[in-house]
Amino acid sequence: MLDIQYVRDNPELVKQKSIQKNIQVDVDKLLALDAEIKSIQQNLESLRNQRNLLNGQISSKPNQEEIDKATEIKNKVIDLEKKIEPLNLEYNKILKSIPNMPLDDVPQGASEADNVVVKKVGEIKKLDFVPKNHWELSFADASIDKVRAAKIAGSRFVYIKGSLVELQFAIIQWTMHQLADERVIEKLIQENNLKLVSKPFIPILPPALINTKAYEATTRLDAEETTYKLSDDELWLNASAEHSLCNMYMDEIVDEKVLPIRYLGYATSFRREAGTYGKDTEGTIRMHQFDKLEMEIFSTPETGLDEHKLAIAVDEYLVKQLDLPYQLLQKCIGEIGKPNARGVDIEVWFPGQQKYRETHTADYMTDYQARSLRTRLRRQNGSVEYLHTNDATAFAFPRLLAAIMENYQTEDGHVIVPLVLRPYMNNKDQV
RNA sequence: GGAGAAGUGGCCGAGUGGUUGAAGGCACUGUUCUCGAAAAACAGUAUACUCGUAAGGGUAUCAGGGGUUCGAAUCCCUUCUUCUCCGCCA
């Protein structure tokens, strides 16, 4: 949610940026409602004040005159309350529909084509054979079985078997150890000239189900396209660990001293993927269910952007350690999400498909999400303000398994285990 | 799933219709005292919106929502949460 004061002060800018984000917003209507509500509210509060003063005067035995006077005020109050209620509903609806304002360095543009490639890192290996797609690779005891999964759950589900599972757990363990290592964090902070402390990430397993209120407050609930709802309960299936991590401190004021809070969450994530029919039907790039390691960071406003850069640095570090060629994209205004002020994607090279595919996203929400969640921080001097939130993929499976399979495949259909993962794979060099 | 108990400020806890945003304690902040600290004394310490240059006002909030009443933390209804016991269960 945006600060109403910001909308009052910058109506034209808000209109312009909303249009650039492809989001329809009636700012004029909002400001008209704002003024109308304010005016009624002032009358209402003045009446309530009269009522309170009167009640203060009335003793234990009010006379009829006092009761009549109080009743008259009471009825006026009820009238105004009835009048203001629908206005408030509409006001909140419009205010919530306004997207976050992009930072100045977010490129203009409406679609994927306008995302800017910031850099390409890592050398694309020249293979002396034609690389296969990950779904064509089935090696040793490992396999990706979507046919049987379709019988059980439908399309976009999968059985992943054998050493691929071992590989996934190796990556989880290794990632957790990297992000819990202050030396790694400190190194990334130094290399990127960030003004941050080297506090490590805390591994966390969040709930997989989220109630409607908490989900709506994340500003991430997309009932039509993304999120599964349980039919018998007021609960939704998590579409990302972020969705049950960012709201962890909902309605709380945390002490400035505890910030930043950096979590590395792991959750099975569920997405309806409505509107993606026909896209990525082969392979395991786009699934209804996938496991994901996700970074979630709570910070002060002044360090929010650097935390965002840290998350990106962590992503690059992890991908580099796995020696996967990638490109870093800065997403354009139309492509960063509604709550985002800035967004960056990492796309890893998939040799079987001969293209880069999105594997990571880092999102910076400034105070937009925190305002909706009412997650605030208390400064040393006692003042209170909204904190800033960041989220970023650490690794998303099985997309990442697919990337490793395609990049590390051998001609005879095996997959070489990336060096850093071998200690977590019983020192196997290939599977 | 069944039966019962309970939800008050950062924490503990008083408060069963009339200046209760809410006693008291703890914690925290400041001042005094001290070389410094501890202790002690004194003062201060919720959030949101709103009026005001400010000082300082106003309104709302005692889990959420609704109701009764001139007046609700207090009475009634309802939802949620927590705890205890039974049942089931990874």
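Basis for what follows: all heavy atoms, side chains included, without hydrogens, waters or symmetry-related copies.
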Could you work out which one of B:rA60, B:rU47, B:rG18 sits closest to the side chain of A:Arg48?
B:rA60

Could you give the distance separating B:rG13 and B:rA22 at their C1' atoms, to the nearest angstrom?
12 Å

Work out how far the C1' atom of B:rU47 is from that of B:rU53, and round it to whole angstrom.
25 Å

Expressed in whole Å, how much space separates the P atoms belonging to B:rA23 and B:rA14?
14 Å

P gap between B:rC75 and B:rA5, integer Å:
15 Å

Tell me whether the side-chain N/O atoms of A:Arg8 come closer than 4.0 Å to OP1 or OP2 in B:rU50.
yes

Counter-base of B:rA73, judged by Watson-Crick or G-U geometry with both distances under 3.5 Å
none

No-hydrogen, no-angle side-chain donor-acceptor test under 3.5 Å, A:Ser240 and A:Lys292:
yes

Return the pairing partner of B:rC85 with a 3.5 Å limit on both distances, Watson-Crick or G-U wobble; otherwise return none.
B:rG2

Expected output is a numbered-order residue list: members of residues 36-46 of chain A with a heavy atom under 4.0 Å from any atom of RNA chain B. What is it?
A:Lys38, A:Gln42, A:Glu45

Contact nearer the 5' end of RNA chain B, comparing A:Asp3 with A:Gln50
A:Asp3

Who pairs with A:Asp306 by side chain to side chain donor-acceptor pair (under 3.5 Å), at least two apart in sequence or on another chain?
none

Under 4.0 Å between any heavy atoms, over every strand shown, what does A:Arg376 touch: base, sugar-phosphate, or nothing? Just pick one.
sugar-phosphate

Member of A:Ile253, A:Thr303, A:Val254 meeting the side-chain contact (heavy atoms from CB on, under 4.5 Å) criterion with A:Leu387:
A:Val254

Using Watson-Crick geometry (N1-N3 plus N6-O4 or O6-N4) or G-U wobble (N1-O2, O6-N3), each under 3.5 Å, B:rA63 is paired with B:rU79

If each of A:Leu53 and A:Thr71 is mapped to the nucleotide of RNA chain B with the nearest heavy atom, which maps nearer the 5' terminus, i.e. the 5' end?
A:Leu53

Once you apply the 3.5 Å cut-off to both distances, tell me the Watson-Crick or G-U wobble partner of B:rA22, or none.
none

Testing the 3.5 Å rule here: is there a donor-acceptor pair between the side chains of A:Gln178 and A:Tyr317?
yes

Using the P atom on both, measure B:rU81 against B:rC70 and round to a whole Å.
35 Å

Need the pair for B:rG52. Rule: Watson-Crick or G-U wobble, both distances under 3.5 Å, any strand; none if unpaired.
none

Grab the CG-P distance between A:Leu95 and B:rC49 for me, whole Å please.
12 Å

Distance in angstrom units between A:Leu89 CG and B:rG65 C1', rounded
14 Å

For B:rG58, does OP1 or OP2 lie under 4.0 Å from any side-chain N or O of A:Asn49?
no

Separation of B:rU50 P from A:Ile4 CD1 (nearest whole Å)
9 Å

Any donor-acceptor N or O pair under 3.5 Å, side chains A:Gln20, A:Gln108
yes

Could you check whether the rings of A:Tyr249 and A:Tyr263 sit parallel, tilted or perpendicular, using 30° and 60° as the cut-offs?
parallel

Roughly, in whole Å, what's the span from CZ in A:Arg371 to P in B:rU47?
17 Å

Under a 3.5 Å cutoff, is there a donor and acceptor pairing between the side chains of A:Thr389 and A:Gln369?
yes

My understanding is that a pair needs two contacts under 3.5 Å, Watson-Crick or G-U wobble. By that rule, which nucleotide pairs with B:rU29?
B:rA43

From CG of A:Leu235 across to C1' of B:rU81 the rounded distance in Å is 14 Å

Integer-rounded Å distance: B:rU59 P and A:Ile84 CD1
16 Å

Check the side chains of A:Asn49 and A:Glu45 for a donor-acceptor pair under 3.5 angstrom, ignoring hydrogens and angles.
no

Distance below 4.0 Å between A:Lys74 side-chain N/O and B:rG71 OP1 or OP2
yes

Tell me whether the side-chain N/O atoms of A:Arg379 come closer than 4.0 Å to OP1 or OP2 in B:rU29.
no

Near-ring test A:His360/A:Tyr326, centroid separation under 6.0 angstrom:
no

Short question: side chain of A:Thr175, backbone of A:Ile171 - any donor-acceptor pair under 3.5 Å?
yes

Pairing nucleotide - B:rA38, Watson-Crick or G-U, each distance under 3.5 Å:
none

With rounding to the closest Å, how many angstrom separate the C1' atoms on B:rC83 and B:rC28?
30 Å

Separation of the P atoms in B:rG1 and B:rA73, to the nearest angstrom
33 Å

Rounded off to whole Å, could you give me the CD-to-P distance for the A:Glu256 and B:rU29 pair?
14 Å

Looking only at side-chain N and O atoms, does A:Arg378 come under 4.0 Å of OP1 or OP2 in B:rU47?
yes

By the 4.0 Å heavy-atom rule, please label A:Asn52 as base, sugar-phosphate, or nothing.
sugar-phosphate

Which value, in whole Å, describes the distance between the C1' atoms of nucleotides B:rU82 and B:rU8?
15 Å

Whole-Å distance separating the CG atom of A:Leu54 from the P atom of B:rU19:
14 Å

